[in-house]
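Worksheet: one structure, shown below.
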Amino acid sequence: MRPLHVLLTLLLTFLMAGLQPALAESAPGQTSPKPRVIFFDVNETLLDLESMRQSVGAALGGRQELLPLWFSTMLHHSLVESATEQYHDFGTVGTAALMMVARNNDIALTEQQARSAIVTPLLRLPAHPEVREGLQALKNQGYTLVTLTNSTRRGVQTQLENAGLADLFADNLSIEEIKLYKPHLRTYRWAAERMGVKLEETLLVAAHGWDVAGAKAAGMPAIFVARRGQTLYPLAAEPDRTVKDIRELAEVLGSSR
């Protein structure tokens, strides 16, 4: 009986040790080290894409349910751009992706119609209700806030101005400068270098599992914002924390300072 008792004790110790990281991550104030720069994804993380449903749905013959397919097709082919060492801006890739979805669903759509359905509404996306308050709280806590997006620098600046968030950010970084779309590892490392900090002194905040996966693989801490309809990639490293929105993010990081 004694060897069995020892075996069970060792097994219990092993299981408890394996649970420790998860328990630590779920406890308030455990995100560390404290970031000097917080990088934010913009679309969906800060800005609500729901208002695009009407324009994209109309372009697709009223098929609003095809919006997620269009968005994933756009992301897919942005990675094709990086893998094949090409670069077209995100709006151009998005237009091409929308035309592909239309063609695959036997919907007549011209390039001009596709671009009009995307560009104008994308620049006018509203912020999620809690975003302004959460970002302001983080700024008041002394954090440096920077956007890191696949959109063009001019495009994201227009988005933030229209959403009433532009004054909260110290800088806006666009991958157009290095022409490698997230989640390419070099984008996260470049962002840290660009801001003059080490990777471990940064934090990515994103509502996309693929973005979190890229940051973690590059060595950048990451927090996942669990927006409706978004989920983590189960084969990637887990985020350092999951929050429901930017207000909770501010509460978590505020308690850790």
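Values below: all heavy atoms of this structure, side chains included; hydrogens, waters and symmetry mates excluded.
For the residue pair Ser116 / Gln112, a side-chain donor-acceptor distance below 3.5 Å is found, with atom types taken as modelled. Side-chain contact of Asn172 with Thr147: a donor-acceptor pair under 3.5 Å is present, judged by distance alone.
Counting only distance, with no hydrogens or angles, the side chain of Lys182 and the backbone of Leu148 share a donor-acceptor pair below 3.5 Å.
Shown here for Leu98 and Ala117, the closest heavy-atom pair between the two residues is CD2-CB, 4.2 Å.
Look at Lys179 and Glu81 and you find no salt bridge, because none of the NZ, NE, NH1 or NH2 atoms lies under 4.0 Å from a carboxylate O. By the 4.0 Å N-to-carboxylate-O rule, Arg228 lies close enough to Glu50 to be salt-bridged with it. Between Arg227 and Glu44, none of the side-chain N atoms (NZ, or NE/NH1/NH2) sits under 4.0 Å from a carboxylate O, so this pair counts as no salt bridge. For Lys216 and Asp211, the salt-bridge test fails: no basic side-chain N is under 4.0 Å from an acidic carboxylate O. Salt bridge status for Arg36 with Glu201: present, with a side-chain N to carboxylate O gap under 4.0 Å.
Checked against the 6.0 Å centroid criterion, the rings of Tyr188 and Phe39 do not qualify as a close aromatic pair. In summary, the aromatic rings of His208 and Phe71 are positioned with their centroids under 6.0 Å apart.
Within a 6.0 Å radius of CZ in Arg186, other residues, nucleotides and ligands contribute 12 heavy atoms or fewer.
In this structure, Gln159 and Ser151 have side chains that are in contact, with non-hydrogen atoms separated by less than 4.5 Å.
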